[in-house]
Amino acid sequence: MVHPRPAEGDAAVPADERFDFAAIDPKWQRFWVEEKTFKAVLDPDKTERAYVLDMFPYPSGAGLHVGHPEGYTATDIYSRYLRHTGVNVLHPMGWDAFGLPAEQYAIKTGTHPRETTKKNVANFRRQIQALGFSYDWDREVDTTDPAYFRWTQWIFLKLFERGLAYQSEVPVNWCPKLGTVLANEEVIDGLSERGGHPVVRRPMRQWMLAITAYAEELLQGVDNLDWAEGIKAMQRNWIGRSEGAEVDFKVDGHDLSIRVFTTRPDTLFGATYMVVAPEHELLSTIATEERRAEVEAYAATAARKSERDRQDDRKEKTGVFTGAYAVNPVNGAKIPVWTADYVLGGYGTGAIMAVPGHDTRDFAFATAFELPIVRVVCAEDGDPSEPLDEAFTQHGVACNSGEFDGMRTDIFKHRIAEWLADKGLGETKVNYKLRDWVFSRQRYWGEPIPIFYPCFPGEGADRELWDPRRGDAVTIDYTTPLPVPYDQLPLELPETADYKPNEDGEPPLARCLDWRFFQDDDGNWFARETNTMPQWAGSCWYYLRFTDPDCTTDLASFEALDYWPPVSLYVGGAEHAVLHLLYARFWHKVLFDMGVVPTDEPFPRLVNQGMILGEDGEKMSKSRGNVINPDDMLTEFGTDAFRLYEMFMGPLEKVKPWQMAGMHGTRRFLYRMWSLYQKPISDAALPDEVASVLHGLIKKVTDDTANLRFNTGIAAMMEALNDLLKVDVLHREVAETLVLLLSPYAPHIAEELWLRLGHAPSVSQEPWPTWDEAKLVKASYLLPVMVNGKVRAKLEVPSDSDEATLEALALADARIVKWTEGKVVRKVIVKPGRMVSVVAK
RNA sequence: GCCGAAGUGGCGGAAUGGUAGACGCGGCGGAUUCAAAAUCCGCUGGGCUUUGCUCGUGAGGGUUCGAGUCCCUCCUUCGGUACCA
């Protein structure tokens, strides 16, 4: 469709022509892509720069849903706005494309995950481009591209060099029948969710990342982040710092002690028994002969349970007495040692001193097994001899605690820790819930871990003719992990048609023998690591790659990393509140310590868009049949109406239900906007009232856009449009300003109107309008007058009236006199421009 | 349980401690039409004795000339998390 460029001053088009989005949307989308309108260029002279980033999507086969464009539209409006104000903006998009669905599809159909990914990426790109976003498409990245994951592997090697990547045997859910490892969520009552086969907890060699080494830095960094309080709280809770003390309890009759961790050393005198986790290393040592069988049976049962079951079973406390006794170091009391699965092997020391008087879990356990309960804390005015019918968990005053009686427990807590340290019985200690990150997956479609190991002929192998690539028996020395040399990166995935892990839990790569085994020049054999990285890996640093996506010498050039980061605004769903954001912050801090990046936090400002629910107020899902497809919306309502609606629904962060009727509303707004520009354009000077309204609108829209309050910014434009449609002419200044204000929100119609106003494209590169405070002032305004807190009159008063004048005007008004008659006016509060409040008794 | 967010018309939502309900949807009435859709105009929180009065922002208290907004207690919903000693 060809749009004749109208002659100067003649914007008149046939009055019956409607905004034809079906023709106009693709026209401008093509224009932007072809002209590279939104190409971001590193220009050291442009000091005002911004990096506006969306959490890049996993390109699923289902395509875009309406939640994606919510955040994308918000960042797009913001990016376009910043560009109008002269800021150099980096606004990229890419694909987090490794992941399980493509692999499962491969197992089912034999289609290579690479093919599935390629197809899905193409579809996502098409859908996203149809939304008219101002991404710099020259910076598109794909985590599955070897040129990209070369640097993911590079970072892994750096972590390995720094001792932050290591191997460990950690328990996983292993289902021998299915021949696979299962996630906690996939195990129900000790059986696999699919098929109902038994699942065991089994230690398997895994690669781990030592995120706990950064626990304190990750925690402290949270304080300075401009993120929603809720998300910051979730990160803090996940890291889970707790301060307390470790205390040694001697085991009676043994030359050994068991160390416990407690946050309440002030309750030490109340420890009436001790519990060690079923997986505790000393359990079988301390168990007495007559108790041993029962203890071991209990430990075996506990080992068989998945974490999920252990959580589900927690209402009912179980446990077994070991027969052993420990000595309380503060009072010499002999207390029984039990084992119970409410004590976790992986936290603290895997053993606790139980204080049933002051811990709810210990109280429940002591009650169930009839163990003694002693009060050692009471309220300030409480009675130390009063029995406890539930655990008293607050701080208070120490009692039944020997020499410490009467001391406030919050002080006692620190005093006793020092006392224990002096006596060599313990020390203060900080613990974190955060665990090291299990970084390996027994899967095909992920980044290969760039590590290899020496290997040797296995038992019974013929040493002379031995060749592990033929499947000869092999012994791999996993204790000697060797890094793939940097110049051999990327280490790419081998081709295979077999994507399933085998019955031993070995990943598919283990069967790619030609890839797995190789010889050095001296004829020594080596075996590659066959686990791959988890999906999180690629998303841990993609925001750095966007700054310089084609760099071949570094993950990005120094100049790019110095110029663009940190991300000035990061927008995405709250479902990534913990894992992605914590992992990315971790990698970023390591890179910062290495001197690779200049800032210690990657995302100083984060906004989480609220989920969009279905029209029924429920989460959108196929099974509920309440899914809205963006493609359908674009066809029926146009891109701009869709963008406007998603922003007009309510505040960005809020959870909001979809309302199809709302789409009609924003489309109608655009039709009306189009019809406004059918009016004759006047070059006359603006009348004062019009100028006042226009400048008020500029101020409101500017303020709302800059602060991401898009819903009210749109409302202001709707309101202005309603007024403007009532007059016969459209002043050129109004016409042009309005197009500019609209352009970040509804860029297609804005480009078209800008063209028809006689300008060359693109409106997106025009300067943002500014307002003049002086022009906001009107000659008079409506002043509400209250009597005793109720509005009784509204007076039209001159804008320049002073307080005394306003007070006089208010008190003289007949409607006010009616309410003050026969009363004494005690006080008059006058706020010029706001209201007058009269107090009369 | 704990942490976080939020409760305002028929619905989505607006309101620097200062006219509660902007804007949009829906509804009602009208114009246009043979008719309908679309479009345009007007009205639209409840109640009443309707130039006006009164009630009204989850419930109850409090601070203030004035509270949706600030403080206290409680209720409900949503999100996260959980035997973390």
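Each chain gets a letter, A, B and so on, in the order its sequence line appears, and its residues count up from 1.
M835(A) comes within 4.0 angstrom of a base, heavy atoms only. Residue A661(A) is classed as a sugar-phosphate contact, given heavy-atom separations below 4.0 Å to backbone atoms only. Counting non-hydrogen atoms under 4.0 angstrom, M786(A) reaches a base of the nucleic acid. Residue contacts for R792(A): at a heavy-atom cut-off of 4.0 Å it reaches the sugar-phosphate backbone alone, with no base atom in range.
Side-chain N/O atoms of K654(A) include one lying less than 4.0 angstrom from OP1 or OP2 on G13(B). Close to A38(B), at under 4.0 Å from its OP1 or OP2, lies no side-chain N or O of R672(A). A sub-4.0 Å separation between OP1 or OP2 of C25(B) and a side-chain N or O of R668(A) is present. Contact annotation: N722(A) reaches the phosphate of G24(B) (side-chain N/O to OP1 or OP2, under 4.0 Å). The phosphate of A85(B) (OP1 or OP2) has a side-chain N or O of S242(A) nearer than 4.0 angstrom.
Only the C1' atoms considered, C78(B) is 15 Å distant from G58(B), to the nearest whole Å. A14(B) sits 15 Å from G21(B) when the P atoms are compared, rounded to a whole Å. Atom P of C23(B) sits at a distance of 13 Å from the matching atom of A15(B), rounded to the whole Å. U63(B) and G29(B): their P atoms are spaced 49 Å apart (whole Å). Nucleotides U8(B) and C70(B) have their P atoms positioned 16 Å apart, rounded to a whole Å. The separation of G56(B) from U19(B), taken at their C1' atoms, amounts to 15 Å, rounded to a whole angstrom. Taking atom P on both nucleotides, C72(B) is separated from A6(B) by 15 Å, rounded to a whole Å. Using C1' as the reference atom, G9(B) and A5(B) are 23 Å apart when rounded to the nearest Å.
Listed candidates were U19(B), C11(B), C65(B). Nearest to the side chain of K794(A) is U19(B). Looking at the side chain of T712(A), the nearest of the listed nucleotides A85(B), A14(B), U19(B) is A14(B). Side chain of Q659(A), nearest nucleotide from G24(B), C83(B), U19(B): G24(B). Looking at the side chain of W819(A), the nearest of the listed nucleotides U54(B), C41(B), A85(B) is U54(B). Comparing U54(B), C40(B), C65(B) by their closest approach to the side chain of K790(A) singles out U54(B). Ranking G13(B), G18(B), C83(B) by closeness to the S837(A) side chain, first place goes to G18(B). Looking at the side chain of Y347(A), the nearest of the listed nucleotides A38(B), A85(B), G12(B) is A85(B). Of the candidates G12(B), C65(B), A22(B), the closest approach to any side-chain atom of P657(A) belongs to G12(B). When the nucleotides G18(B), G24(B), A85(B) are ranked by their closest atom to the side chain of I829(A), G18(B) comes out on top. In this structure, of C3(B), A38(B), G13(B), it is C3(B) that holds the atom nearest to the side chain of N237(A).
Salt bridge D703(A)/R709(A): present, at least one basic N to carboxylate O contact under 4.0 Å.
Look at CD on E575(A): it is 12 Å from P on U81(B), rounded to the nearest Å. Protein atom CD of E615(A) is 13 Å distant from nucleotide atom P of G12(B), rounded to whole Å. The CZ atom of R236(A) sits 19 Å away from the P atom of A82(B) (whole-angstrom rounding). Between I714(A) atom CD1 and G24(B) atom C1' the separation is 10 Å, expressed in whole Å. Rounded to a whole Å, the OH atom of Y432(A) is 21 Å from the C1' atom of A82(B). Here the P atom of nucleotide G26(B) and the CE atom of M663(A) are 13 Å apart, to the nearest Å. Here G79(B) presents its P atom at 12 Å from CE of M234(A), a figure rounded to the nearest Å.
T409(A) places no side-chain N or O within donor-acceptor distance of the main-chain N or O of A398(A), the cut-off being under 3.5 Å.
A parallel orientation is assigned to the rings of Y273(A) and F365(A), their planes being inclined by less than 30° (bins at 30° and 60°).
If you check the side chains of E796(A) and S780(A), you find a donor sitting under 3.5 Å from an acceptor. No hydrogens or angles considered: a donor-acceptor pair under 3.5 Å links the side chains of Y347(A) and S242(A).
The partner of G1(B), taking Watson-Crick or G-U wobble pairs whose two distances both stay under 3.5 Å, is U81(B). Figure legend. G18(B) is base-paired to C65(B); pairs are counted as Watson-Crick or G-U wobble with both atom distances under 3.5 Å. A 3.5 Å limit on both hydrogen-bonding distances identifies C28(B) as the Watson-Crick or G-U partner of G42(B). Pairing for U50(B) is absent, with no Watson-Crick or G-U wobble pair whose two atom distances lie under 3.5 Å. Both distances falling under 3.5 Å, in either a Watson-Crick or a G-U wobble arrangement, place U76(B) opposite A6(B).
Here H664(A) and F637(A) bring their ring centres to under 6.0 angstrom of each other.
Across the interface with RNA chain B, nearest-nucleotide mapping of G348(A) and E719(A) shows E719(A) to be the residue nearer the 5′ end. Each of P651(A) and N431(A) lies near RNA chain B, and the nucleotide nearest P651(A) is the one positioned closer to the 5' end.
A cation-pi arrangement is present between R18(A) and Y671(A) under the rule of less than 6.0 angstrom and at most 45 degrees off the ring axis. A cation-pi arrangement is present between K317(A) and Y342(A) under the rule of less than 6.0 angstrom and at most 45 degrees off the ring axis.
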